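In what follows, a single structure is set out as C-alpha cells and then discussed.
These values consider heavy atoms only, across backbone and side chains, with no hydrogens, waters or symmetry-generated copies. Owing to the predicted nature of the structure, the values given are computational and were not obtained by experimental measurement.
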Amino acid sequence: MNKKLTRAVGLVMAGAMTLMAGCGNAAPAASGDAQTTAATEETKETAAPSGDAKKIGVLVADVSGEEALGFRNYYEKYIQGNYDVTFDYTDALASAEDEKAAIEKFASKGYDAIISLSSSDRAQQIETCEEYGLYYAIASGVLDDEQYEKYKGYEHFVCQIGPSNATEFEAGKAMGEYFKNQGVKKVALYGAFIPNPMHVFRAAGVLVGLGCTYGDANDMGAVVGQIFQDQGIDPTKVSGDVELVAYLQGYGDTTTDELNAAIQKAPEAFLSVGMATTFFAQTLSQENIPFADIDSFTAMNSQSMESGSLKYLAGKYSSSIGPVFALVVDAVDGNVIRDDEGNAVSLNQGYLVATDKASFDEYFVNDNGDTPIYDKETLDGIIGSQVTYQDVKSLVESK
C-alpha cells in the first residue's frame with residue numbers, strides 16, 4: 001500500500017487508539033539499589049518534537065540497564081546535538097500489547113519512524129508499522145531467521161543491525177569457557193529472560209562454554225529449544241564439570257531473598273547474560289563474588305572493572321546503534337537502502353571483550369562523550385541520496 005495512504009488511514013485509527021491505550025509503564029524490579037531508581041527516573045519520555053526535525057519513536061523494554069542508558073545518551077545527547085532529529089522514548093514496555101499501543105501513539109503524533117530496542121513481539125511491531133506507514137528498524141538485535149525471511153520484503157522495514165542469535169550464543173559460550181579455564185567449579189547464572197531471544201541464546205552459550213549439557217544436549221539449537229520450552233533454566237537438567245548452584249530468572253525478576261539464597265550456596269562466580277551491574281554489582285562486590293556480564297562499556301561497568309568485582313565483560317559500545325539511525329534517516333529522506341537482493345538490510349555486529357581495566361578502557365574511552373566511534377563525520381558517509389548498501393556494509397564490518 002502507498003505510504004501516504006497507509007499513514008492517512010493509520011492516523012485516523014491511531015487517534016482513536018490513543019484515547020484508550022498508552023505506552024507501558026512496567027519497569028524491571030530492582031534489587032533495592034538507589035542507583036537503579038535514579039536511572040529509571042532519568043529515562044522518562046522526552047518532550048514532544050517540534051519544528052521540521054525528523055521524529056523518531058524509540059521502543060524500549062529496559063529503561064534502567066547500563067546498556068539501555070548508554071544507547072539513550074548517545075541518541076539524545078550526541079545524535080540530537082548533531083542532526084535535525086528528535087527522539088521520543090517510551091516508558092518500559094512490558095508486553096506485545098504495550099509495543100503496539102506505543103507505535104499507534106507515535107503514528108497519531110505524525111512520527112516518521114520507529115527504532116526498536118524492545119522485543120516482546122517484533123513481528124507484530126513490523127506489521128503495525130507497515131499498517132501505519134512508519135519506517136521501522138531494529139537496533140542491537142535481530143529477528144530469528146524464519147521471521148526475517150517473512151518480513152524482509154516489507155516496504156517500511158528498513159534494517160536490523162546487531163548481533164545475530166548465533167553471535168549471542170558464541171558470546172555466552174566464550175564467557176563460559178573463560179571461567180571454566182579459570183578452574184571455577186561452582187557458578188550462579190542470571191538470565192534467559194523469556195521471551196527475549198538474545199538472552200536465551202547467551203544463556204545457552206554459557207552452559208555449553210562451561211562444558212555442561214542441558215537435558216543431555218550441548219548443541220545450540222537443542223539447548224535453546226529446551227530453554228524456551230522450560231520458560232527458563234532448570235538446574236536439575238544441567239550436568240557437567242561445573243556445577244550450576246543457582247539460576248535466577250533475568251530482567252529484574254529476581255528478589256533480594258532469591259539473590260541471598262544464591263549467595264549462600266557459595267558460587268565461585270556469578271555469570272550474567274545482561275544487567276548484572278544494574279541490579280547486583282554492589283551486593284556481589286560486598287560478598288567478594290566475581291561476576292561477568294554481557295552488557296556494554298559504560299561508566300558503572302568501568303567502576304566495577306576497576307574495583308576488581310567485574311572480571312569479564314562482553315560488550316557493545318554505545319554508538320554501535322549509529323548505523324541504524326543513519327539508515328532510518330536515509331529512508332525518511334527517500335533513499336530506502338536495500339541489500340543486493342532487494343531486502344531490508346541485515347548486518348551482524350560482534351562483541352568486544354574486556355577482562356581487565358586496561359582492555360576495558362581501550363573501548364570505553366574511545367566511545368565516550370563528544371567522540372563516539374560512530375561520530376557525525378563517520379555517519380555522514382552513509383547518509384545521503386547516493387549511499388548504497390555496500391557503503392553501509394563496509395562501514396559496519398569495519399567497526
Side-chain angles (χ1 to χ4, degrees), residues 165-194 196 198-251 253-254 258-277 279-281 283-295 301 304-305 308-315 351 353-356 359:
N165 289 330
T167 298
E168 301 285 10
F169 177 83
E170 291 300 325
K173 182 180 177 183
M175 186 167 73
E177 288 175 341
Y178 175 84
F179 284 91
K180 181 184 178 183
N181 292 337
Q182 295 291 309
V184 168
K185 295 299 182 184
K186 296 166 55 177
V187 302
L189 176 60
Y190 174 71
F193 170 67
I194 306 294
N196 193 327
M198 71 173 67
H199 290 166
V200 175
F201 277 87
R202 292 173 187 175
V206 169
L207 294 177
V208 174
L210 289 170
C212 297
T213 60
Y214 188 71
D216 297 324
N218 65 356
D219 63 286
M220 181 178 74
V223 175
V224 167
Q226 288 191 70
I227 294 174
F228 271 118
Q229 183 176 339
D230 295 343
Q231 293 291 292
I233 292 174
D234 179 355
T236 66
K237 296 175 69 171
V238 179
S239 61
D241 295 334
V242 179
E243 181 184 2
L244 181 62
V245 297
Y247 165 71
L248 307 174
Q249 179 66 29
Y251 197 49
D253 291 337
T254 299
E258 289 171 329
L259 176 61
N260 289 336
I263 290 172
Q264 291 303 310
K265 295 180 180 179
E268 298 170 49
F270 186 98
L271 309 187
S272 169
V273 299
M275 298 181 71
T277 295
F279 297 136
F280 308 125
T283 300
L284 294 172
S285 178
Q286 291 171 348
E287 297 292 336
N288 294 316
I289 299 174
F291 73 93
D293 210 349
I294 302 176
D295 199 89
N301 280 333
S304 294
M305 185 68 75
S309 55
L310 179 58
K311 298 294 185 182
Y312 184 104
L313 178 74
Y351 284 95
V353 174
T355 57
D356 54 37
S359 57

Side chain to side chain contact (heavy atoms under 4.5 Å, CB included) between Met220 and Phe201, intermediate numbers included: CA-CA 8 Å; Met220 181 178 74; Phe201 277 87; 3.9 Å; yes
Check step by step if side chain to side chain contact (heavy atoms under 4.5 Å, CB included) holds for Ile294 and Met175. CA-CA 9 Å; Ile294 302 176; Met175 186 167 73; 4.1 Å; yes
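- Residue Asn301 comes nearest to Leu310 through the heavy atom pair O-CD2, 3.6 Å, listed as atom of the first residue, atom of the second, then distance.
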Worked verdict on Val224 versus Phe228 for side chain to side chain contact (heavy atoms under 4.5 Å, CB included): CA-CA 6 Å; Val224 167; Phe228 271 118; 3.7 Å; yes
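- Under the 3.5 Å distance criterion, with hydrogens and angles disregarded, no donor-acceptor pair is assigned to the side chains of Asp356 and Tyr312.
- At least one donor-acceptor pair closer than 3.5 Å links the side chain of Ser309 to the backbone N or O of Ser304.
- Scanning all heavy atoms of the two residues, the minimum distance from Val273 to Gly191 falls at CG2-CA, 3.3 Å.
- Of the possible polar contacts, none joining the Tyr247 side chain to the Gly232 backbone as a donor-acceptor pair under 3.5 Å is found.
- Closest approach of Ser272 and Asp293 over heavy atoms only: OG-OD1, 3.0 Å.
- The CD1 atom of Ile289 lies 11.5 Å from the CZ atom of Phe280; values are rounded to the nearest 0.5 Å.
- Not a single side chain to side chain donor-acceptor pair (under 3.5 Å) links Thr355 to another residue, sequence neighbours left out.
- In this structure, Val242 and Lys186 approach most closely via the heavy-atom pair CG1-N, 4.3 Å.
- Asp219 contributes a side-chain N or O that, together with a main-chain N or O of Ala222, makes up a donor-acceptor pair within less than 3.5 Å.
- Ala262 approaches Pro267 most closely through the heavy-atom pair O-CD, 3.3 Å.
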Chi angles and distances behind the side chain to side chain contact (heavy atoms under 4.5 Å, CB included) call for Leu248, Leu189: CA-CA 6 Å; Leu248 307 174; Leu189 176 60; over 6 Å; no
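- Checked by atom type, the side-chain pair Thr213/Asn218 shows no donor-acceptor distance below 3.5 Å.
- Interatomic distance, CZ of Phe270 versus CD of Glu287, reported as 12.0 Å (0.5 Å rounding).
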Under 3.5 Å, which donor-acceptor pairs link side chains of residues 176-184 to any protein atom two or more places apart or in another chain?
unit_1, atom_1, unit_2, atom_2, d
Asn181, ND2, Glu177, O, 3.2

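- Lys237 has no carboxylate O lying under 4.0 Å from a charged side-chain N of Asp216, or vice versa, which leaves the two without a salt bridge.
- For the residue pair Tyr351 / Glu168, a side-chain donor-acceptor distance below 3.5 Å is found, with atom types taken as modelled.
- Listed here is the closest heavy atom pair of Ala188 and Val245: N-CG2, 4.4 Å.
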